[in-house]
Amino acid sequence: MAEPLLDLRELQTHFQTFGGLVKAVDGVSFNVKAGEIVGLVGESGGGKSVIGFSILGLVDPPGRIAGGEIRFDGRDISKLGEREMRNVRGRDIAMVFQDPMTSLNPVYTIGRQMDEVLRLHTNLDEAARRIRCIRMLEDVGISGAESRLDAYPHQFSGGMRQRVVIAIALLAGSRLIIADEPTTALDVTVQSQILKLMRRQVQETGAAMILITHDLAVVSEMADRVVVLYCGKVVERGLTEEVIRSPAHPYTRGLLDSIPRITDRQRRLRQIPGTVPDIRTLGAGCSFRGRCAHAQPLCAERSPELAPVRGSLDAACHFPLQETL
Amino acid sequence: MLGYTIKRLLQMVLVLFVVSIIVFLMMSFTGDPVFMVIPIDSTQAEIEQARRLLGLDQSLFSQYWIFLSNLLQGDFGRSYVFRQPAMDLILERLPATIEMVLVAMAFATVIAIPLGVYAGANPNRTASRGIMAGSLFGISLPGFWVGMMLIYFFSVRHPLLPSSGRGETIEILGLRLSIFTADGWSHILLPAVTLALATLAIILRITRAGMMEVMRQDYIRFARAKGASRTHILFAHGLKNALIPVVTIFGLQLGDLIAFATITETIFAWPGTGKLLIDSIYRGDRPVIVVYLMLTAFIFVVINFLVDIVYTVIDPRITVK
């Protein structure tokens with residue numbers, strides 16, 4: 001089988017803080033094949049965004065990539081210098097941020113901000129770049145694209161801005177798009193439009209996508225495979241369908257149970273008890289044990305390794321769940 | 001835009017009117033100017049005559065009325081001392097002050113902005129801490145002391161640069177300017193550096209504060225994710241967003257230096273308006289002081305107007321109404 005487009009191997013991203021060393025990403029491995037959408041799921045503080053920034057080499061001190069490999073197209077890009085990395089960013093790998101209200105620069109027209117990517121990564125002349133920008137804006141569903149090029153971000157609504165951000169991300173023909181909570185800041189009605197748009201764009205361009213979100217419902221609609229993160233570690237991964245239907249890790253199960261369903265309105269919404277523990281004081285054992293209904297003495301002694309459970313599912317749990325939802 | 005300009009012009013007339021009243025009232029408390037212009041051994045009759053000639057025998061109100069009606073006919077009054085129109089005296093010296101101030105401001109800006117950007121983008125580096133510590137000196141050292149130290153080191157110990165005067169000037173469009181001759185430059189350097197120091201430190205600190213704020217924004221990260229170079233991110237994406245307070249301070253400092261370069265001009269015997277002001281205050285030359293302060297108010301209003309226009313150029317979200 002061909003090598004995956006992106007292959008994360010035992011990625012470690014650490015932050016040196018006054019309170020101690022924070023292992024925000026602690027030995028994370030997963031891969032993304034060309035044309036595939038992989039969902040990265042977990043609660044806030046689970047290290048999801050840090051993985052995105054690590055891939056692009058945008059982790060700022062006091063953070064640093066402490067170990068592991070980020071293989072993109074066969075080479076480890078975590079070891080590249082700043083200059084080489086700049087050619088990867090925006091050209092090979094693009095990123096879409098959570099909040100469209102703040103990810104566009106308020107003092108430049110969107111035409112100029114789009115053009116910047118093409119100026120950096122292509123040899124097109126000005127007229128050709130302009131045509132490509134207009135076409136891209138039309139592709140993401142912005143009407144009157146030509147006149148909108150000269151508009152400033154504050155003249156767009158949130159949903160429209162996120163369309164512009166997506167257009168910028170797709171502009172240089174990147175093969176991997178990292179979308180960090182791309183719809184969290186948007187209205188629900190706009191959310192599904194944006195998600196559909198992103199899926200269609202990915203399908204049309206053949207790019208792969210990492211969809212970072214806390215929302216399993218979004219993932220179940222969008223992703224081919226799911227990686228569930230907890231306290232900087234992968235706790236479960238597998239095909240979306242299997243993860244949603246029969247999760248093996250109690251944490252995944254908890255996340256699924258906390259999605260409201262219209263069919264069982266008499267039941268109180270279930271939640272995962274407790275909060276995410278302080279990542280600096282985890283110690284030995286499973287980091288989810290404090291919130292887990294199935295925890296046994298073994299869970300406090302030994303940290304579970306990620307291992308195949310059934311079908312496509314890998315889970316890091318001593319006592320994987322068996323039932324189907 | 002036109003409506004805005006008209007509104008600002010009307011505002012300016014009001015400001016100038018108020019300034020003229022305040023200055024007139026203040027001057028009436030500073031003693032009888034007639035004693036400044038007559039010889040010490042004058043007789044009572046000569047004093048009375050001088051008073052009548054200068055119009056000082058009339059009430060303060062009618063003096064102000066005469067001043068105001070002359071003003072509306074374009075007559076700003078005559079200096080008691082030089083017997084020349086006060087406006088001419090000031091305009092004659094204004095180019096000297098303005099060229100010194102512009103050189104100082106250019107000097108301050110060119111150094112302060114890159115240093116401020118660097119210190120704001122890398123707040124934890126040793127070099128940044130050094131820059132910030134240095135800027136404290138710029139703010140706290142008094143201009144007269146810096147001026148004297150510069151004269152001591154560069155004119156006395158090592159006679160490299162002249163310590164006083166404007167040097168060789170050439171006339172361009174009716175203005176006598178030093179900055180187009182080498183000798184003029186050698187004369188302008190020390191006073192301009194003296195004048196620039198405090199402004200440099202202030203602009204540097206404002207730039208740094210703005211950059212520290214801006215560099216945390218998402219659009220900076222997004223620009224990095226696009227693959228833009230560090231320099232481009234700092235100056236194109238970062239600095240432009242941090243520029244509003246910098247422009248504000250720049251405008252205020254510019255006005256301040258033009259109006260009150262007095263101390264520096266005195267130390268370096270620079271024949272500008274600041275020196276004229278201080279001399280006029282010593283001599284009780286009220287017409288010159290009144291016109292000078294009104295001109296100062298005028299300059300401030302104009303600079304503020306320009307600053308407002310610059311805001312709209314920098315940030316499209318700001319519009320003038």
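Chain letters run A, B, ... following the sequence lines, proteins first, then strands; residues in each count from 1. Everything numeric here is computed off the predicted structure, so don't read it as measured data.
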Which answer fits [X], side chain, backbone, both or neither, if we ask what part of it has an atom under 4.5 Å from a heavy atom of chain B?
X      : result
A/I168 : side chain
A/V88  : neither
A/L58  : both
A/L104 : both

Quiz item: Which residues in residues 102-134 of chain B have any heavy atom lying under 4.5 Å from a heavy atom of chain A?
Solution: none
Quiz item: Among residues 225-249 of chain B, which residues come closer than 4.5 Å to chain A, judged by heavy atom distances?
Solution: B/A225, B/K226, B/G227, B/A228, B/S229, B/R230, B/H232, B/A236, B/H237, B/K240, B/N241
Practice problem: Can you tell which part of B/I220 gets under 4.5 Å to a heavy atom of chain A, answering side chain, backbone, both or neither? | Solution: neither
Practice problem: List in chain and number order the residues that pass salt bridge (charged side-chain N to carboxylate O under 4.0 Å, His left out) with A/D7, two or more places apart in sequence or in another chain; answer none if no residue qualifies. | Solution: A/R9
Practice problem: Taking all non-hydrogen atoms of both residues into account, name the closest pair between B/P316 and A/P106 and its distance. | Solution: CG-O, 3.4 Å
When the side chains of residues 148-157 of chain A are checked against the rest of the protein, which donor-acceptor pairs come out under 3.5 Å, sequence neighbours left out?
residue	atom	partner	partner atom	Å
A/Q155	OE1	A/Y152	N	2.6
A/S157	OG	A/M160	N	3.4

Quiz item: Does A/D60 reach the side chain of B/R224, with side-chain heavy atoms less than 4.5 Å apart?
Solution: yes
Quiz item: Do A/Q113 and B/Y219 come close enough that some side-chain heavy atom pair is under 4.5 Å?
Solution: no
Take atom [atom1] of [X] as the centre, draw a 6.0 Å sphere, and report whether it contains more than 12 heavy atoms from other residues, nucleotides or ligands.
X      : atom1 : result
A/N123 : CG    : no
B/L94  : CG    : yes
A/R135 : CZ    : no
A/E126 : CD    : no

Quiz item: Taking every heavy-atom pair that is under 4.5 Å apart, which of A/E116, A/R119, A/R91 has the most such pairs with chain B?
Solution: A/E116
Quiz item: Taking every heavy-atom pair that is under 4.5 Å apart, which of A/L56, A/D99, A/L171, A/V165 has the most such pairs with chain B?
Solution: A/V165
Practice problem: Begin with the C-alpha distance, continue with both residues' side-chain angles, and end with the deciding distance and a verdict on side-chain contact (heavy atoms from CB on, under 4.5 Å) for A/M95 and B/F222. | Solution: CA-CA 8 Å; A/M95 193 155 176; B/F222 191 55; 5.8 Å; no
Quiz item: With no hydrogens and no angle check, do the side chains of B/D218 and A/T102 hold a donor and an acceptor under 3.5 Å apart?
Solution: yes
